[in-house]
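One structure is given here, and the rest of the page talks about it.
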Amino acid sequence: MKLIIATIKPFKLEEVREALTSIGVRGMMVTEIKGFGAQSGHTEIYRGAEYAVNFVPKIKLEIVVSSAMADEVVQTIATTAKTDKIGDGKIFVMDVQSAVRVRTGETNEDAI
């Protein structure tokens, strides 16, 4: 099993969710986060005063899938979330040693 962690732009969330559902992803965790990367924030003007926005709003997706499905999920996220502009996000893939569905006690791939 693989844990896929992706950061994407907030307005891409619904499009990415629909694309992942269409390839068979049955669940994901979504968190609103703030961060910065290559874009290092930006400046904005509010009531005539300029101020720095050091952390940019992002969405973090956490998805656990079978190892066989991981590459397809990564490719789907990368294609769907892409805007060709700085700040499109990152995708990380990690191994998952075990999983347990709390309600039924199912383990590993049966739990996802």
Side-chain angles (χ1 to χ4, degrees):
M1 294 177 298
K2 300 288 183 181
L3 169 62
I4 299 167
I5 299 174
T7 58
I8 63 171
K9 291 183 175 184
F11 70 90
K12 284 292 196 170
L13 175 60
E14 190 58 27
E15 190 178 344
V16 170
R17 186 199 61 77
E18 288 174 4
L20 290 172
T21 300
S22 73
I23 64 165
V25 172
R26 294 177 19 205
M28 71 178 74
M29 293 175 279
V30 177
T31 310
E32 293 180 10
I33 62 170
K34 291 182 181 185
F36 72 92
Q39 81 273 21
S40 299
H42 60 280
T43 59
E44 290 187 5
I45 297 176
Y46 179 72
R47 294 189 177 188
E50 186 174 321
Y51 65 98
V53 177
N54 294 320
F55 294 98
V56 180
K58 300 283 184 180
I59 296 292
K60 179 170 82 169
L61 306 176
E62 296 174 90
I63 306 161
V64 177
V65 295
S66 66
S67 296
M69 195 175 182
D71 288 339
E72 183 180 11
V73 169
V74 168
Q75 188 58 46
T76 299
I77 295 169
T79 302
T80 309
K82 185 175 183 177
T83 66
D84 284 325
K85 295 188 177 149
I86 197 161
D88 275 352
K90 298 269 191 307
I91 302 171
F92 305 99
V93 181
M94 293 169 265
D95 290 324
V96 174
Q97 290 185 328
S98 66
V100 177
R101 185 185 309 263
V102 174
R103 179 177 55 86
T104 63
E106 294 170 293
T107 60
N108 300 326
E109 292 203 16
D110 292 336
I112 59 172

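Side chains included, hydrogens not; waters and symmetry mates left out as well; all remaining heavy atoms used.
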So Ser22 and Glu18, side-chain hydrogen bond (donor to acceptor under 3.5 Å, both in side chains) or not? Walk me through it.
-> CA-CA 6 Å; Ser22 73; Glu18 288 174 4; over 6 Å; no
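Among residues two or more places apart in sequence or in another chain, the side-chain hydrogen bond (donor to acceptor under 3.5 Å, both in side chains) test is passed with Glu15 by Lys12.
Contact record, Pro57 with Pro10: O-CD, 3.6 Å, taken as the closest heavy-atom pair. Nearest heavy-atom pair, Glu62 versus Ile5, reported as atom, atom and distance to 0.1 Å: CG-CG1, 4.2 Å. Of all heavy-atom pairs between Ser66 and Ile112, the closest is N-CD1, 3.7 Å.
Counting only heavy atoms from C-beta outward, the side chains of Asn108 and Ser98 approach each other to under 4.5 Å.
A donor-acceptor contact under 3.5 angstrom links the side chains of Thr79 and Gln75, judged on distance only.
Counting only residues at least two apart or in different chains, salt bridge (Lys or Arg N to Asp or Glu O under 4.0 Å) contacts with residues 1-11 comprise Lys2-Asp95, Lys9-Asp88.
In the hydrophobic clustering, Ile8 connects to Ile4, Leu13, Val16, Leu20, Ile23, Val25, Met28, Val30, Ile59, Leu61, Ile63, Val65, Met69, Val73, Val74, Ile77, Ile91, Val93, either directly or through intervening members, whenever side-chain heavy atoms lie under 4.5 Å apart.
Remark: Thr7 OG1 to Lys60 NZ distance equals 9.5 Å, nearest 0.5 Å. With rounding to the nearest 0.5 Å, the separation of CD in Glu32 from NZ in Lys58 is 13.5 Å.
Neither Phe55 nor Ile33 shares a network with the other; the hydrophobic side chains, linked directly or stepwise wherever heavy atoms of I, L, V, M, F, W or Y lie under 4.5 Å apart, form separate groups for each.
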